[in-house]
Amino acid sequence: MSDVKLEDIVSLAKRRGFIYQGSEVYGGLSGTWDYGPLGVALKRNIMNLWWKMFVEDRDDMYGVDAAILMNQKVWQASGHVDTFTDPLIACLSCGSRYRADHLIKDNLDKAWDYRNELGELDEVIDAKLITATPDDPKDIIITEYLGEDAQLDVVDFLNEKVSCSKCGQKSWSEPKQFNMMFKTNVGPVADESSISYLRPETAQGIFTNYKNVVDSFYPDLPFGIAQQGKAFRNEISPRDFVFRSREFEQMEIEYFVAPDKWQESFEHWVAKCKEWFKALGLPADSVHELEVPEDDRAHYSKRTIDFEFDYPIGREELMGLAYRTDFDLANIQRESGKSMEYAIKGTNEKFVPHVIEPSFGVERALMAVLVSAYREDEQNGEKRVFLALPEHLAPVKYAVSPLLKNKPELVEKAREVYAALKKKQGNVMWDDNGNIGKRYRRQDEIGTPYCVVIDFDTLEDDTVTIRDRDTTEQQRVGIKDLI
Ligand code: GAP
């Protein structure tokens with residue numbers, strides 16, 4: 001787990017204009033977040049970096065931007081209508097609703113002790129422990145209560161040991177499967193035929209355009225189609241800041257391969273994901289690979305690696321890499337009656353390609369970037385908070401200030417430097433608010449790598465002071481060199 005506290009990240013994000021609670025002025029809307037000026041800049045930098053690394057810099061990648069609303073058949077064929085569910089449990093006393101697996105996870109020690117008290121530590125648990133190798137063996141308990149072959153009655157345990165965090169009662173409903181897709185109707189008539197969903201993953205907009213891209217571009221296998229965009233999930237209990245939201249952003253690649261080549265492509269993408277974490281500035285030792293056991297994999301996956309990050313809330317999923325086989329294209333072929341086969345050039349050998357899917361969540365990446373960059377130190381006996389963001393991600397790269405804002409000659413010169421630097425760099429901020437110490441503190445907190453100050457010497461020799469965020473060291477450089 002990271003040493004950084006979640007409340008420090010949340011409070012900095014709000015104070016400095018990165019992220020606000022959605023609809024805050026009306027009391028908020030749970031699971032939604034609004035990005036402020038710096039948050040949107042940081043998010044765009046992350047998304048643009050991804051697009052550059054995985055689309056623009058590669059010859060085998062094609063970008064798409066599909067509609068969020070899709071024909072309901074997409075979600076029937078993909079299995080989401082039937083299986084995109086989480087176990088929902090309700091407090092019978094006050095009606096509060098919880099995700100059953102989270103409720104057990106939050107009370108793992110009690111669940112383990114209860115299991116012991118029952119005197120039922122049997123071979124099932126031992127056998128599962130050997131194959132599943134979870135970080136905490138107690139995680140097995142969740143499968144025992146809620147897995148397909150659940151061994152224990154979750155309601156008995158909860159009624160005995162776990163109180164509702166809202167009303168304090170121990171009275172629980174049976175868990176039931178809750179579909180997480182947001183349902184809506186398209187057009188003025190609300191009937192079965194007009195049902196649509198806000199997409200819960202961007203992936204299906206890629207699969208449904210696979211044939212279009214093949215027909216337009218005739219790419220050689222392997223090739224990928226990439227998409228960035230909003231995804232929506234009606235999470236039972238959104239929590240932990242933007243980590244589990246109801247509206248979030250995904251960056252997904254479906255990489256189409258010959259069926260017998262999936263393993264080498266999978267390894268290729270493991271390596272690429274690691275390059276991505278490095279580009280985000282995440283320390284290598286805070287990212288972990290979890291080989292997801294069969295029981296816990298999504299219905300379409302034959303192999304999944306979750307890359308987990310040491311967040312302040314514990315080690316949790318940052319992104320996933322899955323071998324989706326031909327599950328999606330074969331479903332589309334069956335349900336649409338249209339061939340999804342790929343014909344190898346030259347031999348004309350035909351098959352439905354298999355798919356490797358690296359699926360990146362923007363919010364979780366952004367949260368990992370903030371956690372990795374968050375620092376506290378002491379300067380001149382005072383606590384300082386700063387974000388050591390990689391330069392290419394920082395929302396503001398240079399802040400330009402006149403030493404004194406009531407000296408027109410300094411302001412005029414500073415405006416000149418600001419305009420020239422902005423023309424060259426784009427993400428440059430004018431900052432003349434408060435004294436110079438306050439400006440430095442503010443810029444440190446938003447992760448600005450360089451503060452440029454125009455003073456009386458500048459008027460004489462055309463040099464400025466440039467201060468480094470991480471070391472706080474100041475240097476004198478010529479304006480020409482700076483620009
Ligand atoms: N197409 C595959 C797919 O959607 P997923 O593991 O369900 O797989 C992929 O989601 C990524 O999307 C996750 O690793 C995570 O980064 C992000 N994600 C999923 N649910 C999220 C939520 N409720 N809030 C924020 N990010 C989420």
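Remember, predicted model here, so these are calculated numbers, not experimental data. Both counts, for ligands and for their atoms, begin at 1 and track the order of listing. Residues: numbered from 1 along the sequence shown.
- Atom 4 (O) of ligand 1 has its nearest heavy-atom neighbour, among Arg364, Arg233, Glu316, Arg199, in Arg233.
- Interface atoms of ligand 1 facing Gly320, defined by a heavy-atom separation under 4.0 Å, are 14 (O).
- Here Arg246 does not pair with Glu235 in a salt bridge; the nearest charged N to carboxylate O distance is not below 4.0 Å.
- Nearest protein heavy-atom neighbour of atom 24 (N) of ligand 1: Ser245 N, 3.0 Å.
- The closest approach between Met251 and ligand 1 stays at or above 4.0 Å for every heavy atom of the residue.
- In this structure, Tyr210 and Phe256 have tilted ring planes: the angle between them lies in the 30° to 60° band.
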Please table the atom pairs, donor to acceptor, closer than 3.5 Å between any side-chain atom in residues 26-34 and protein atoms at least two apart or in another chain.
{"residue": "Thr32", "atom": "OG1", "partner": "Leu29", "partner atom": "O", "Å": "2.6"}
{"residue": "Trp33", "atom": "NE1", "partner": "Phe241", "partner atom": "O", "Å": "3.3"}

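- Ligand 1 has Tyr300 within reach: a non-hydrogen atom of the residue lies less than 4.0 Å from it.
- Within the set Gln250, Glu247, Met319, Glu249, the minimum heavy-atom distance to atom 12 (O) of ligand 1 is found for Gln250.
- Counting atoms of ligand 1 from 1 in the listed order, those under 4.0 Å from a heavy atom of Glu201 are 1 (N), 2 (C), 3 (C), 4 (O).
- Among the atoms of Glu357, some N or O lies under 3.5 angstrom from an N or O of ligand 1.
- Ring planes of Tyr323 and Trp262: parallel class, angle under 30° (limits at 30 and 60°).
- When only interatomic distances are considered, the shortest N/O to N/O separation between Phe243 and ligand 1 falls below 3.5 Å.
- Residue-level proximity to ligand 1 for Arg324 is carried by the side chain, the only part with a heavy atom below 4.0 angstrom.
- Electrostatic pairing of Asp106 and Arg239 counts as a salt bridge here, judged by a charged N lying under 4.0 Å from a carboxylate O.
- Between Phe223 and Tyr342, the ring planes are tilted. Angles from 30° to 60° get that label.
- Here atom 23 (N) of ligand 1 lies nearest to Glu235 when heavy atoms of Glu235, Arg239, Met367, Glu308 are compared.
- Distance from atom 18 (N) of ligand 1 to its nearest protein heavy atom, with residue and atom name: Phe248 CE1, 3.5 Å.
- Salt-bridge formation is not detected for the pair Glu294/Lys302: no Lys NZ or Arg NE/NH1/NH2 atom is positioned less than 4.0 Å from an Asp or Glu carboxylate oxygen.
- Summarising the contacts of atom 1 (N) of ligand 1 with Met180, Glu252, Glu317, the nearest heavy atom is found in Glu252.
- In terms of N/O distances under 3.5 Å, ligand 1 is approached by Leu318.
- Salt bridge annotation for Lys274-Glu289: present, with a cationic side-chain nitrogen under 4.0 angstrom from a carboxylate oxygen.
- The nearest non-hydrogen atom to atom 11 (C) of ligand 1, considering only Ser359, Pro238, Gly31, comes from Ser359.
- Look at Lys261 and Glu264 and you find no salt bridge, because none of the NZ, NE, NH1 or NH2 atoms lies under 4.0 Å from a carboxylate O.
- Salt bridge present: Lys230 and Glu247 bring a charged side-chain N and a carboxylate O closer than 4.0 Å.
- By the 3.5 Å distance cut-off applied to N or O atoms, Gly361 is counted among the residues near ligand 1.
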